[in-house]
Amino acid sequence: MAKSVTEALNARRSTRAFLSAPIEREKLDAVLEAAARTPSWANSQPWEVFVAAGGALDRIRKAYGEKYAQKAKSAPETPRPAQWTEAAVQRREQLQAGMVRDCGEAYKQFGELNKAMFHAPAVIYICMDKVLSEWSLYDIGAYTQSVMLAADEQGLATIPAVTLVLFPDVLKQELKIPESLKLTIGIAIGYADKANGINNFVSGRKTLEETVRYFE
């Protein structure tokens, strides 16, 4: 039985360790077909999607490993925040504390799993034309959410992560991404390794009282 939207939202989580089993092409196609229904400003549909799997992802992972070994400076094309709010800093600290609490010794894998692209069998890279503005980046965010919810329906796990797009030069060469496009985010996708304790953690969320203000 298909999940309701609310059930899918509650079920989705960031998976940090995947099985090596490849994803069936029909499942990937179903995810991306569903995500294509994402709304966008003036129906501009700014997303340009590149999927890396198999040998292509192996070469990307190896090239990233060489970058890490060389202590190369990362250069994501969607820049990191210049600073965080005090509340955001507190939530990041709570995130780390929660992972240590819920994952135990498995938490020690955190850094290496990030560098290994979580051992995912595929990564969906989402790009947009460089001439577009932040409004299109908003549309990309909506598309990313659609991908992750559609993946859950297919029994697939996901995690969006900046570590997946740290070295655009590697990605653009391997995936033949035109220079006219900007890499915005990557989504690792596959089957969750449920035996790995790193996946025990589920992050909390702010309450409605903390986020919503009603005026009548």
Side-chain angles (χ1 to χ4, degrees), residues 3 5-23 27-28 31 52-53 57-58 60-69 71-72 74 76 78 80-81 83-126 141 144-167 184-208 210-211:
K3 294 176 181 174
V5 174
T6 300
E7 287 171 334
L9 285 166
N10 287 325
R12 195 220 65 80
R13 63 182 64 181
S14 290
T15 295
R16 294 176 172 85
F18 292 83
L19 299 175
S20 60
I23 308 168
K27 287 194 174 185
L28 274 173
V31 167
L57 187 54
D58 288 342
I60 290 170
R61 194 175 274 120
K62 179 181 178 183
Y64 267 46
E66 293 170 354
K67 292 276 191 180
Y68 290 129
K71 301 188 184 305
S74 63
T78 301
R80 293 182 172 91
Q83 64 182 52
W84 295 92
T85 64
E86 182 178 342
V89 171
Q90 291 176 351
R91 283 192 286 275
R92 288 182 66 187
E93 292 171 350
Q94 291 167 359
L95 177 76
Q96 183 174 5
M99 290 190 69
V100 172
R101 179 193 66 233
D102 295 345
C103 302
E105 289 294 308
Y107 176 72
K108 295 179 180 179
Q109 307 170 74
F110 183 79
E112 289 306 312
L113 284 170
N114 271 273
K115 290 182 178 180
M117 299 181 169
F118 315 101
H119 300 303
V123 177
I124 298 170
Y125 291 101
I126 306 173
T144 299
Q145 174 80 319
S146 296
V147 167
M148 292 188 291
L149 292 180
D152 181 76
E153 184 180 25
Q154 295 294 326
L156 298 169
T158 55
I159 182 172
V162 67
T163 52
L164 299 169
V165 292
L166 289 181
F167 303 109
T184 63
I185 194 66
I187 307 172
I189 185 169
Y191 293 99
D193 181 356
K194 296 180 180 179
N196 192 318
I198 197 74
N199 288 329
N200 291 343
F201 177 69
V202 181
S203 59
R205 290 295 184 269
K206 295 191 294 182
T207 64
L208 287 183
E210 293 176 287
T211 57

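Positions are given from 1, in the same order as the sequence printed here.
If you take CD1 on I189 and CD1 on I23, they are separated by 5.0 Å, rounding to the nearest 0.5 Å. In this structure, Y125 OH and I185 CD1 are separated by 10.0 Å, a value rounded to the nearest 0.5 Å. Note: E153 CD to E7 CD = 11.5 Å, rounded to the nearest 0.5 Å. The distance from the NZ atom of K27 to the CD atom of Q154 is 6.0 Å, given to the nearest 0.5 Å. Between the NZ atom in K194 and the CG atom in N196 there is a gap of 13.5 Å [rounded to 0.5 Å].
The two residues A52 and I60 have their closest heavy-atom pair at CB-CD1, 3.9 Å. Contact detail for F118 and R16: the closest heavy-atom pair is CD2-O, 3.4 Å. Residues T158 and A151 approach most closely at CG2-CB, 3.7 Å, considering heavy atoms. Residues A188 and L164 come closest through the heavy atom pair N-CD1, 3.5 Å. Nearest heavy-atom pair across A106 and G197 is CB-C, 3.6 Å.
Contact annotation: the side chain of D58 approaches that of R61 to within less than 4.5 Å [non-hydrogen atoms, C-beta and beyond]. Looking at Y191 and T15, their side chains never come closer than 4.5 Å, going by heavy atoms from C-beta outward. Here the side chains of M99 and I198 are in contact, with some heavy-atom distance below 4.5 Å. Residues M117 and F18 are not in side-chain contact: their nearest non-hydrogen atoms beyond the backbone lie 4.5 Å or more apart. With a 4.5 Å cut-off on side-chain heavy atoms, L149 and L9 count as touching. At a threshold of 4.5 Å between non-hydrogen side-chain atoms, the residues E93 and V89 count as touching. A 4.5 Å side-chain heavy-atom check between V165 and T78 finds every atom pair outside the cut-off. Side chains of T163 and K115 form no contact here, defined as non-hydrogen atoms less than 4.5 Å apart.
Residues satisfying the side chain to side chain contact (heavy atoms under 4.5 Å, CB included) criterion with K206, sequence neighbours excluded, are R91, E210, T211. K108 pairs by the salt bridge (Lys or Arg N to Asp or Glu O under 4.0 Å) definition with E105, not counting sequence neighbours. Residues satisfying the ring pair (Phe, Tyr, Trp, His ring centres under 6.0 Å) test with F167, not counting sequence neighbours, are Y64, Y68.
Looking at N199, its side chain does come within 3.5 Å of a backbone N or O of D193 through a donor-acceptor pair. Using a distance-only test at 3.5 Å, with no hydrogens or angles considered, no donor-acceptor pair links the side chain of S14 to the main chain of I159.
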- Query: Can you list the steps and then say if Q96 with Y107 is a side chain to side chain contact (heavy atoms under 4.5 Å, CB included)?
  - Reply: CA-CA 9 Å; Q96 183 174 5; Y107 176 72; 3.2 Å; yes
- Message: Set out, in order, the CA-CA distance, both residues' side-chain angles and the distance that settles side chain to side chain contact (heavy atoms under 4.5 Å, CB included) for L166 and K67, then state yes or no.
- Response: CA-CA 10 Å; L166 289 181; K67 292 276 191 180; over 6 Å; no
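Remark: of the listed residues V31, V123, T144, T144 is the sole one forming a side chain to side chain contact (heavy atoms under 4.5 Å, CB included) with I187.
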